[in-house]
Chemist: 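For reference, the structure I am asking about is given below.
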Amino acid sequence: MSGTAGRAPRRAIRWWRRRSLRTRLTVISATAIAVSVFLAFQVASELMDRELRDTVEDQLRADARVLATDAERAGPARLRLPPYAGGGRLVRVVLPDGSTRTPAGQPALPPVGERAGRVARGASADLMESDDGDEDGYLVYTLRAGDGAVQVARAADDSPVNRFGFGMLLIGLLCVAGGALVGRAVARTGLAPIDRLTAAAVRVARTRDLDAGIPDEGGGEIRRLINSINDMLAALRDSRQAQRLLAEDAAHELKTPLTSLRLNVELLIRLDRRGTLDSALPAESRTRLLNDLGAQVAELGTLAAELTDLARGDVGDESTEVLDLADVVVAAVARARSRVPDIEVALDVTSVWVSGRPAALERAVLNLVDNAGKWSPVDQPIQVRLRAEGASAVLEVDDAGPGIDAADVPRVFDRFYRADSARALPGSGLGLSIVQRVVDAHAGRATVARSARGGALLRVDLPATDPPAPTARRAAGEDTMVR
């Protein structure tokens with residue numbers, strides 16, 4: 001039984017949730033009006049019933065006083081009672097011994113009660129009582145008169161209240177029906193902007209035309225919703241444009257190494273098929289060709305990795321932690337040295353704590369060092385400096401190369417951008433753009449300038465933070481040693 005009783009409300013809730021907003025507003029409006037009419041009917045019926053009862057009681061008291069005056073003058077036992085004329089009031093004389101006198105032909109009244117008898121015996125002055133337990137109930141007023149009492153009564157008549165209630169019922173039904181119509185009209189009018197917004201969204205989804213913005217109309221919540229959707233469409237347009245540019249730039253950058261790789265491979269295949277590979281390509285030329293192939297494959301691998309890293313945009317997927325940026329810089333430099341053993345790096349770092357993502361920051365530092373390594377002369381080491389400056393952690397990578405032309409400075413961090421002087425060097429033009437993305441994700445700033453040694457000075461400013469508590473740092477160090 002409890003399971004069945006529990007399922008009924010859930011079904012009602014599910015049914016309600018499946019209704020449209022327009023239907024919900026219509027039902028809510030009609031229900032609100034019905035409840036208001038019902039409450040108004042209850043209050044009005046109660047007030048009307050009290051008013052009618054007070055009027056009847058006042059009339060009974062007035063009639064009883066007139067009859068009591070006559071009874072005191074003639075005596076209750078000798079009071080002349082005219083025959084019942086039908087309708088209106090009912091009268092009765094109560095004698096001291098409890099017997100009663102009523103006009104001829106008058107309908108019988110309820111027996112005299114104990115409290116009314118006390119009035120007849122002089123124990124009380126008057127009494128207003130009702131006997132409305134059934135359809136033939138009476139409102140009876142007993143008043144002391146001489147050595148007895150007189151009673152004036154009227155039959156309880158609920159017909160005015162019933163007629164009023166029936167009228168209120170009809171009015172209520174009309175109000176509910178009118179409220180439903182008005183509620184539906186209001187819902188249709190109020191939701192018209194939502195309907196147009198839905199149609200516009202469906203049109204955008206069907207045509208995939210993100211340039212078709214939604215007209216700004218209405219006010220308040222509707223305007224904020226439309227502005228939010230237009231902002232979302234603008235973000236989608238930017239994202240699609242970025243994807244298109246990424247695909248176009250990637251195709252362009254892949255074309256050159258792939259073409260060179262394909263030509264070299266075709267040359268080897270053609271010579272091998274002719275059986276003239278050894279005679280046409282001496283050992284020295286063959287070695288040089290194979291080295292070129294290896295370099296081109298390595299370049300393609302680097303380009304594919306950087307494209308994947310840039311396209312994924314997963315900087316925000318890595319958890320953030322409070323870390324010592326000096327550890328990140330040292331680790332990145334160690335990776336750079338392992339990749340290019342001939343590179344020389346002079347480290348000058350101090351402990352600066354930041355809130356960041358370790359892997360992303362290490363990749364950014366590695367890209368900065370790799371970029372400097374392409375330009376710095378063999379006998380001039382790359383200088384990597386890390387220090388605290390105010391509320392910032394400042395990282396500088398300084399090379400002694402030819403520097404960056406003023407015309408190229410604004411586009412240094414653009415994707416796939418390579419200065420004319422860098423066309424002959426290996427690289428994809430993605431390294432510094434990845435640095436920019438990582439720095440932006442950490443609310444920092446990346447800039448480029450000319451170093452004192454004449455080369456490029458790449459600087460990264462990141463917000464510094466307070467180091468963790470000594471206990472936490474010691475626990476982290478012990479945990480690292482255990483692993």
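Residue numbers start at 1 and run along the sequence shown.
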Chemist: With heavy-atom distances below 4.5 Å as the criterion, would you say the side chains of V349 and L395 are in contact?
Modeler: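 Contact flag for V349/L395 side chains = no.
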Chemist: Would you say the side-chain atoms of S451 and D398 include a donor-acceptor pair closer than 3.5 Å?
Modeler: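 A donor-acceptor contact under 3.5 Å links the two side chains.
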Chemist: Using the side chain to side chain donor-acceptor pair (under 3.5 Å) definition, which of the options H442, Q436, R437 pairs with D440?
Modeler: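 Result for side chain to side chain donor-acceptor pair (under 3.5 Å) with D440: Q436.
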Chemist: Could you check L347 against V333 for side-chain contact (heavy atoms from CB on, under 4.5 Å), going step by step and ending with a plain yes or no?
Modeler: CA-CA 9 Å; L347 277 173; V333 170; 3.8 Å; yes
Chemist: Can you tell me how far CG of D370 sits from CD1 of I382, rounded to the nearest 0.5 angstrom?
Modeler: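 Here the rounded value is 8.5 Å.
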Chemist: I need the D461 CG to T447 OG1 distance, nearest 0.5 Å.
Modeler: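 Result: 6.0 Å between the selected atoms.
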Chemist: How long is the span from the CG atom in L368 to the CD1 atom in I434, to the nearest 0.5 Å?
Modeler: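 Interatomic distance, L368 CG to I434 CD1, rounded to 0.5 Å: 11.0 Å.
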Chemist: Taking the side chain as every heavy atom from C-beta outward, state whether V352 and T350 have any pair of such atoms under 4.5 Å apart.
Modeler: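 They are in side-chain contact.
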Chemist: Between CZ of R50 and OG1 of T55, what distance do you get to the nearest 0.5 Å?
Modeler: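 These two atoms lie 14.0 Å from each other.
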Chemist: Provide the closest heavy-atom pair for V328 versus P358 in the form atom of the first, atom of the second, distance.
Modeler: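 Heavy-atom minimum between the residues: CG1-O, 4.2 Å.
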Chemist: Would you give the length of the straight line joining atom CG of L325 to atom CH2 of W353, rounded to the nearest 0.5 angstrom?
Modeler: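 It is 10.5 Å, given to the nearest 0.5 Å.
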Chemist: Any ion pair linking E362 and R335 (charged N to carboxylate O, less than 4.0 Å)?
Modeler: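 Counted as a salt bridge, because a side-chain N and a carboxylate O are separated by less than 4.0 Å.
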Chemist: Taking all atoms of both residues into account, what is the closest heavy-atom pair of P468 and V322, and its distance?
Modeler: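 Scanning both residues, the minimum pair turns out to be CD-CG1, 3.9 Å.
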Chemist: List the steps, then state whether side-chain contact (heavy atoms from CB on, under 4.5 Å) holds for R53 with L139.
Modeler: CA-CA 9 Å; R53 186 184 182 93; L139 185 62; 3.6 Å; yes
Chemist: Could you check whether any side-chain heavy atom of V354 comes within less than 4.5 Å of a side-chain heavy atom of L323, counting everything from C-beta outward?
Modeler: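 Heavy-atom side-chain distance check passes, below 4.5 Å.
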Chemist: Given the rule in the side-chain contact (heavy atoms from CB on, under 4.5 Å) test, do V397 and N371 qualify, once you have shown the distances and angles that lead to the verdict?
Modeler: CA-CA 9 Å; V397 178; N371 179 78; over 6 Å; no
Chemist: Got a sec, which residues hit salt bridge (Lys or Arg N to Asp or Glu O under 4.0 Å) with D54, two or more places apart in sequence or on another chain?
Modeler: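 Partners of D54 under the salt bridge (Lys or Arg N to Asp or Glu O under 4.0 Å) test: none.
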Chemist: Sequence neighbours excluded, which residues qualify as side-chain contact (heavy atoms from CB on, under 4.5 Å) partners of I269?
Modeler: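 Residues passing side-chain contact (heavy atoms from CB on, under 4.5 Å) with I269: V265, R273.
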Chemist: Excluding sequence neighbours, so at least two apart, what forms side-chain contact (heavy atoms from CB on, under 4.5 Å) with R61?
Modeler: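 Listed in chain order: E57, D58, R65, M128, Y141.
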Chemist: Could you tell me which residues satisfy side-chain contact (heavy atoms from CB on, under 4.5 Å) with S36, sequence neighbours excluded, listed by chain and number?
Modeler: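 Checked S36 against side-chain contact (heavy atoms from CB on, under 4.5 Å); zero matches.
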Chemist: Which atom pair, heavy atoms only, marks the closest approach of L462 to G444?
Modeler: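 The answer is CD2-CA, 4.0 Å.
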Chemist: Can you tell me how far CD of E344 sits from CD of Q380, rounded to the nearest 0.5 angstrom?
Modeler: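 These two atoms lie 9.0 Å from each other.
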Chemist: Does CD in E51 sit with more than 12 non-hydrogen atoms of other residues, nucleotides or ligands closer than 6.0 Å?
Modeler: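 Open: at most 12 neighbouring heavy atoms sit under 6.0 Å from CD of E51.
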Chemist: Are the side chains of R453 and Q383 in touch, meaning some heavy atoms are under 4.5 Å apart?
Modeler: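 Yes. Closest side-chain heavy atoms under 4.5 Å.
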Chemist: Would you indicate whether the side-chain heavy atoms of R357 and S319 approach each other to under 4.5 Å?
Modeler: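 Result no, sub-4.5 Å side-chain heavy-atom pair not found.
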Chemist: Grab the two heavy atoms, one from A400 and one from P377, that are nearest each other, plus how far apart they are.
Modeler: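 Reported closest heavy-atom pair: O-CD, 3.4 Å.
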Chemist: Considering residues at least two apart in sequence or located in another chain, which fulfil the salt bridge (Lys or Arg N to Asp or Glu O under 4.0 Å) criterion with E389?
Modeler: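 Residues passing salt bridge (Lys or Arg N to Asp or Glu O under 4.0 Å) with E389: R387, R459.
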Chemist: Mind jotting down which residue pairs meet the side chain to side chain donor-acceptor pair (under 3.5 Å) criterion with at least one end in residues 170-182? Sequence neighbours excluded, please.
Modeler: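 For residues 170-182, and leaving out neighbouring residues, there are no side chain to side chain donor-acceptor pair (under 3.5 Å) pairs at all.
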Chemist: Can you confirm whether L386 sits close enough to D348 that some side-chain heavy atom of one is under 4.5 Å from a side-chain heavy atom of the other?
Modeler: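 No; the side chains remain at least 4.5 Å from each other.
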Chemist: Taking all non-hydrogen atoms of both residues, which atom of A332 and which atom of V365 are closest, and how far apart?
Modeler: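 Nearest pair, atom of A332 first, then V365: CB-CG1, 3.5 Å.
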Chemist: Starting from the C-alpha separation in whole Å, work towards a yes-or-no answer on side-chain contact (heavy atoms from CB on, under 4.5 Å) for L457 and R450.
Modeler: CA-CA 5 Å; L457 175 63; R450 182 169 292 276; over 6 Å; no
Chemist: Looking only at non-hydrogen atoms, find the nearest pair between A326 and S351 and report the distance.
Modeler: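 So the two residues come closest at CB-CA, 4.2 Å.
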Chemist: Determine whether a donor-acceptor pair (N or O, by modelled atom type, separation under 3.5 Å) exists between the side chain of D399 and the backbone of A456.
Modeler: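 Side chain of D399 to backbone of A456: a pair is present.
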